[in-house]
Amino acid sequence: MRRLPADLVYYLCLAILGGSYVALIVAMVVADLFYTTPDHLLSALAEPKIQYSIKLTLISCSVTAILSLWVAVPMGYLLARTEFWGKTVVDTILDVPIVLPPIVLGLSLLILFGTPPGQWFQDYIFEVRYQVPSVILAQFSVSAAFAVRTMRVTFEQISPRTEQVALTLGCTRAQAFWRVVMPEARRGLLTAGTLAWARSLGEFGPIMLFSGATPMRTEVLSTTVWLAFNISNLEGAIAVSLFMIAIAVVVLVLTRSLGLRGTGIV
Amino acid sequence: MIDVDNLCMRQGEFQLADVSLHVSKGRYAILMGTTGCGKTTILEAIAGLRTIAAGRIVLNGVERTHATPAERNLGYVPQDGALFRTMSVRDNLGFALSIRGQPADAIKQRVDELAAWLQVGHILERRAVGLSGGETQRIALGRALANRPPILLMDEPLSSLDEPTRDRMVELLRGLPGRESVTVLHVTHSQREADALGDWIFRLHEGRIEVVKSGDPV
């Protein structure tokens with residue numbers, strides 16, 4: 001369809017307004033790229049400390065994404081499909097990690113594991129504070145809230161009618177959930193997992209407070225950037241930043257090609 | 001046989017009080033009424049999908065008032081078909097059998113038989129999306145009948161179909177009780193559908209059921 005000049009002006013205004021944000025993102029990445037050289041990049045990434053940080057980041061983000069889905073699926077389903085006493089309170093509590101500055105969550109985790117029950121847990125189950133589990137817990141405390149929100153919307157968009165039909169066809173509640181609801185929620189599940197993973201990748205404040213940034217122990221990429229910047233190693237900070245951008249892009253592209261292509265979800 | 005005695009339900013402002021209806025074994029009953037009068041609610045209560053405040057539901061002589069939907073052993077065809085979109089048409093048709101752990105060859109035989117009757121053999125391997133309204137309803141009907149339930153509940157199955165498709169579906173449904181030995185309760189607001197199909201015709205009016213046509217053979 002041929003667009004009229006008036007339409008062109010309209011779409012141009014929209015493109016300029018919306019495109020300014022895209023331009024800002026591209027400009028930042030390009031500026032980073034021009035600040036460093038491939039040699040700097042490779043030498044920074046070859047450092048054992050950064051390689052450990054990359055490994056820990058990839059592992060902790062993946063574990064966090066799985067744990068986030070573990071709670072997001074049942075909670076999202078309950079919020080979407082059921083009415084229960086205290087639902088508004090639960091809903092509000094789940095918004096807390098989204099609206100609070102992440103550093104507050106880190107501080108709260110630190111306090112929690114300093115209380116007698118938290119201390120008991122660390123004494124008899126496993127150590128958390130300033131150890132690898134604290135990195136995962138810090139990431140999880142923020143990421144899971146986003147995963148829950150995504151799964152709730154996903155379940156709300158699936159008609160309860162198919163589940164009801166499955167029940168009349170002989171399914172138990174659990175069978176209807178696994179055989180009918182979950183296959184339909186596949187794309188939302190992938191989105192929630194990706195969101196949790198990506199959110200964990202960028203988590204910084206709670207990790208600094210709750211895990212510290214001990215090299216070769218609890219240092220992840222986001223803290224590496226901060227530490228490198230603090231000792232005026234700007235090239236190192238940029239190298240790690242570019243690497244983080246690259247893995248974020250790879251994850252988004254992979255997710256799309258795995259199942260979200262054309263849906264506009266990611 | 002379907003027996004509903006003094007069914008009472010309440011949901012917000014909406015309420016049904018002392019609704020009773022009886023459909024004899026192997027008969028085709030129509031439940032009519034205006035939009036929003038509670039026809040679907042009654043159907044869902046019989047299917048076990050809604051909690052009732054009071055009353056009694058007896059299906060094929062067995063009290064099923066508080067049974068789960070699965071225990072009621074009935075077929076249910078919702079208004080929009082509600083096909084399982086992530087499955088093929090074949091898997092939709094065979095779902096009730098596969099969930100009961102029937103052998104694959106028995107499932108295939110029953111699915112092929114239903115597909116031939118419902119004329120959906122050519123789309124059996126397709127995913128259940130992008131189908132026409134008539135195809136959707138025929139598949140939903142076949143899926144509900146696959147396990148040979150003694151009772152079939154249908155919620156306005158023809159309301160979204162064009163006239164020629166609706167006429168073909170009416171022909172298909174007319175022989176249903178005889179072919180599948182099933183007692184049917186079909187909800188509609190179409191008098192034409194009611195006249196064409198109903199042995200019994202009930203009308204739900206202001207929360208009460210009136211018998212418009214009593215169709216048991218003398």
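Reminder, nothing fancy here: chain letters follow the sequence lines and each chain counts from 1.
Residue pairs meeting the salt bridge (charged side-chain N to carboxylate O under 4.0 Å, His left out) criterion with at least one partner in residues 242-253 of chain A, sequence neighbours excluded, do not occur; the list is empty.
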- Query: Yes or no on side-chain contact (heavy atoms from CB on, under 4.5 Å) for A:L201 and A:V251, after CA distance, side-chain angles and deciding distance?
  - Reply: CA-CA 11 Å; A:L201 179 70; A:V251 167; over 6 Å; no

Margin query: Applying side-chain contact (heavy atoms from CB on, under 4.5 Å) to B:L16 and B:C8, what does each step give before you reach the verdict?
Written below: CA-CA 5 Å; B:L16 288 172; B:C8 296; over 6 Å; no

A:T218 vs A:I207, test: side-chain contact (heavy atoms from CB on, under 4.5 Å). Steps then yes/no. CA-CA 8 Å; A:T218 56; A:I207 296 174; 5.9 Å; no

Take A:F210 and A:L105 through the side-chain contact (heavy atoms from CB on, under 4.5 Å) test and state the conclusion after the steps. CA-CA 9 Å; A:F210 188 44; A:L105 290 174; over 6 Å; no

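Nearest heavy-atom pair across B:S190 and B:R166 is OG-NH1, 4.5 Å.
Around the CD atom of B:Q119, the shell of radius 6.0 Å holds no more than 12 heavy atoms that belong to other residues, nucleotides or ligands. Atom NZ of A:K55 has 12 or fewer heavy atoms from other residues, nucleotides or ligands within 6.0 Å. Within a 6.0 Å radius of CZ in A:F84, more than 12 heavy atoms belonging to other residues, nucleotides or ligands are found. Crowding of B:Q109 atom CD: a count of heavy atoms from other residues, nucleotides or ligands under 6.0 Å not exceeding 12.
Between B:E171 and B:R174 there is a salt bridge, since at least one side-chain N of the basic residue sits less than 4.0 Å from a carboxylate O of the acidic one. A salt bridge does not link B:E135 with B:R138: none of the charged nitrogens is closer than 4.0 Å to a carboxylate oxygen.
Proximity to chain B among residues 57-78 of chain A is not found for any residue, judged by heavy-atom separations below 4.5 angstrom. Among residues 62-96 of chain B, the residues having any heavy atom closer than 4.5 Å to a heavy atom of chain A are, in sequence order, B:P69, B:A70, B:L74, B:Y76, B:P78, B:D80, B:A82, B:L83, B:F84, B:R85, B:T86, B:M87, B:F95, B:A96. Taking 4.5 Å as the heavy-atom cut-off, the residues of residues 137-175 of chain A that approach chain B are A:R161, A:T162, A:Q164, A:V165, A:A166, A:L167, A:T168, A:L169, A:G170, A:C171, A:Q175, ordered by number.
Aromatic ring pairs are classed by plane angle as parallel below 30°, tilted from 30° to 60° and perpendicular above 60°; the pair B:Y28 and B:H186 is tilted.
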